[in-house]
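Small disclaimer: the values here were computed from a predicted structure and weren't measured.
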Amino acid sequence: MIDQSAVKAALRVQHIETPSWAYGNSGTRFKVFAQEGVPRDAYEKVDDAATVHRFTGVAPTVALHIPWDRVDDFGDLAKHAKEQGVGLGAINPNVFQEDDYRLGSVCNPDDAVRRKALDHLLECVEIMNVTGSRDLSLWFADGTNYPGQDSIRARQERLSDALSTVNDRLSGDQRMLLEYKLFEPAFYTMDVPDWGTSYAHCVDLGPRAKVLVDTGHHAPGTNIEFIVSFLLHRDKLGGFHFNSRFYADDDLMVGAADPYQLFRIMVEIVLGGGLDASAGVAFMLDQCHNIEPKIPALIRSVLNVQEATAKALLVDQDALRAAQQNGDVLEANAALTDAFATDVRPLLAELREDMGIDPDPLGAYRRSGHFDKIRDARKDGAAAGWGA
Ligand code: RM4
Ligand code: MN
Ligand code: MN
């Protein structure tokens with residue numbers, strides 16, 4: 001028998017971090033469709049993250065991307081976040097949007113460019129010191145497009161050097177999470193193409209360095225839950241960038257393309273103790289809402305993660321283990337599929353009532369009239385976004 005109150009207790013403390021960049025305008029390389037009511041600066045992005053938290057109760061932090069969210073005083077931004085009921089989460093350096101980075105950032109063959117990229121990473125550690133953020137999320141667009149373009153080995157050495165300098169700057173409970181991505185923007189080699197490369201660097205770096213799994217960064221057919229299980233077992237799973245993909249790095253809403261995959265990932269998290277705070281697994285979203293309204297899309301995404309987690313918590317682990325031990329393939333599989341088939345919405349509605357929030361977060365947001373308010377308040381000035 002599953003203890004429903006234990007399930008609710010686990011869900012109550014699961015924190016899902018939203019990304020500041022998901023609140024701004026975004027698009028593909030073909031077109032950015034401007035939306036109304038979009039935040040104009042980091043303060044307003046924080047306000048929107050606070051709105052998502054108000055309606056879901058489980059999204060108490062927002063990740064920042066530097067320099068997209070650069071402000072004069074990060075202490076003041078942290079204070080503003082606190083006043084709105086949220087905190088500032090992971091800091092994401094951006095070393096991919098300047099002309100200097102044509103041949104890469106920390107792996108660039110040019111010393112001066114490498115130094116510039118490293119300085120930005122170190123500046124982000126300084127920002128963490130002010131915001132109180134625990135995690136530095138590192139994603140490098142570095143790689144090559146053509147065979148022979150640069151030395152694969154030398155680039156790995158440059159990467160190690162930069163990572164170890166950053167690692168030495170971390171203090172307290174600070175960590176660095178190293179994200180990998182199979183391809184794009186480089187198409188021949190990426191310098192951190194897969195979890196194995198990230199894992200090897202993180203092992204070298206020691207306990208502060210962990211792997212960040214962005215669910216959209218794998219080849220089609222990759223068994224992501226295997227990676228999750230392996231890394232968690234080795235104490236090297238730093239966290240997730242959740243999103244959905246149909247083709248490439250689509251950045252669609254998590255749980256939209258393949259809710260069963262999300263469930264299977266959360267099953268490995270639950271079985272491996274990854275929901276315990278001591279496991280240090282950060283549940284973050286990394287999405288772009290190009291055609292759908294942003295705040296409701298983020299509410300939907302948070303709910304999707306929560307639903308998958310609830311279903312994973314409903315797996316009858318005793319029955320699963322017994323079936324596995326008996327070699328009963330069908331019963332073992334049924335332990336998972338039964339949990340996946342359970343409608344967890346009534347349980348989550350109850351949980352929300354216990355938490356003092358509306359049981360229907362999306363409906364409540366729509367009824368609140370909040371969107372009309374921000375649309376009017378943000379009529380003037382330039383919306384934040386990629387501006388492509
Ligand atoms: C990358 C990667 C990073 C994100 C950027 C915007 O593909 O997922 O995490 O910060 O996109
Ligand atoms: Mn990502
Ligand atoms: Mn991505």
Give a yes or no on whether a salt bridge exists between [X] and [Y], defined as a side-chain N under 4.0 angstrom from a carboxylate O.
| X | Y | value |
| --- | --- | --- |
| Glu307 | Arg300 | yes |
| Asp99 | Arg102 | no |
| Glu123 | Arg70 | yes |

Shared hydrophobic cluster for [X] and [Y] (ILVMFWY, side-chain gaps under 4.5 Å):
| X | Y | answer |
| --- | --- | --- |
| Ile66 | Phe140 | yes |
| Trp21 | Phe240 | no |
| Leu347 | Leu362 | yes |

For [X] and [Y], does a side-chain donor sit closer than 3.5 Å to a side-chain acceptor?
| X | Y | result |
| --- | --- | --- |
| Tyr23 | His289 | no |
| Ser137 | Asp135 | no |
| Asp194 | Thr197 | yes |
| His65 | Asn92 | no |

All side-chain hydrogen bond (donor to acceptor under 3.5 Å, both in side chains) counterparts of [X], not counting sequence neighbours:
| X | result |
| --- | --- |
| Ser171 | none |
| Asn129 | Gln174 |
| Arg378 | Asp48 |
| His53 | none |

Is there a donor-acceptor pair under 3.5 Å between the side chain of [X] and the backbone N or O of [Y]?
| X | Y | answer |
| --- | --- | --- |
| Arg208 | Arg175 | no |
| Asp258 | Gln261 | yes |
| Ser20 | Ala63 | yes |
| Asp69 | Leu64 | no |
| Arg234 | Lys236 | no |
| Thr131 | Ile127 | yes |
| Asp250 | Leu252 | no |
| Glu17 | Ala90 | yes |
| Ser198 | Val211 | no |
| Arg12 | Val58 | no |

Are the side chains of [Y] and [X] in contact, using a 4.5 Å heavy-atom criterion?
| X | Y | answer |
| --- | --- | --- |
| Leu122 | Leu118 | yes |
| Asn243 | Leu285 | no |
| Glu44 | Val38 | no |
| Ile91 | Arg134 | no |

If the test is side-chain contact (heavy atoms from CB on, under 4.5 Å), which one of [options] qualifies with [X]?
| X | options | value |
| --- | --- | --- |
| Phe283 | Ile269, Thr309, Val254 | Ile269 |
| Pro361 | Leu348, Val302, Leu303 | Leu303 |
| Lys210 | Val281, Leu237, Asp235 | Asp235 |
| Val315 | Leu320, Ile2, Asp338 | Leu320 |

How many angstroms lie between [atom1] in [X] and [atom2] in [Y], if you round to the nearest 0.5 Å?
| X | Y | atom1 | atom2 | result |
| --- | --- | --- | --- | --- |
| Asn333 | Asp328 | CG | CG | 10.0 Å |
| Cys107 | Leu159 | SG | CG | 4.5 Å |
| Glu225 | Leu271 | CD | CG | 11.5 Å |
| Lys294 | Ile299 | NZ | CD1 | 14.5 Å |
| Leu314 | Gln4 | CG | CD | 6.0 Å |

What one should report as the nearest heavy-atom pair of Asp380 and Arg40 is O-NH1, 2.8 Å

Heavy atoms of Arg114 and Asn108 approach each other most closely as NH1-O, 2.7 Å

For residues 142-153, the side-chain hydrogen bond (donor to acceptor under 3.5 Å, both in side chains) pairs (sequence neighbours left out) are Ser105-Asp142, Thr144-Thr189, Asp150-Arg155, Asp150-Arg158

Residues forming a side-chain contact (heavy atoms from CB on, under 4.5 Å) with [X], sequence neighbours excluded:
| X | answer |
| --- | --- |
| Tyr43 | Asp41, Val71, Asp76, Leu77, His80 |
| Ala112 | Asp110 |
| Asp249 | Lys181, Glu184, Asp214, His217, Asp251 |
| Phe371 | Glu36, Tyr365, Ile374, Arg375 |

Test salt bridge (charged side-chain N to carboxylate O under 4.0 Å, His left out) on Arg352 and Asp358; report intermediate values, then the result.
CA-CA 6 Å; Arg352 291 182 192 120; Asp358 195 292; over 6 Å; no

Aromatic ring proximity, centroids under 6.0 angstrom, [Y] and [X]:
| X | Y | answer |
| --- | --- | --- |
| Trp139 | Phe96 | yes |
| His370 | Phe55 | no |
| Phe183 | Tyr188 | no |

So ring-ring contact (aromatic ring centres under 6.0 Å, His included) across residues 315-344, not counting sequence neighbours, yields Tyr260-Phe340, Phe263-Phe340

Here the ring-ring contact (aromatic ring centres under 6.0 Å, His included) pairs for residues 119-138, sequence neighbours left out, are none

The ring-ring contact (aromatic ring centres under 6.0 Å, His included) partners of Phe74 (sequence neighbours excluded) come to none

Between Asp376 and Lys379, does a salt bridge (charged side-chain N to carboxylate O under 4.0 Å, His left out) hold up when you go through it step by step? CA-CA 5 Å; Asp376 293 347; Lys379 293 200 292 313; 5.5 Å; no

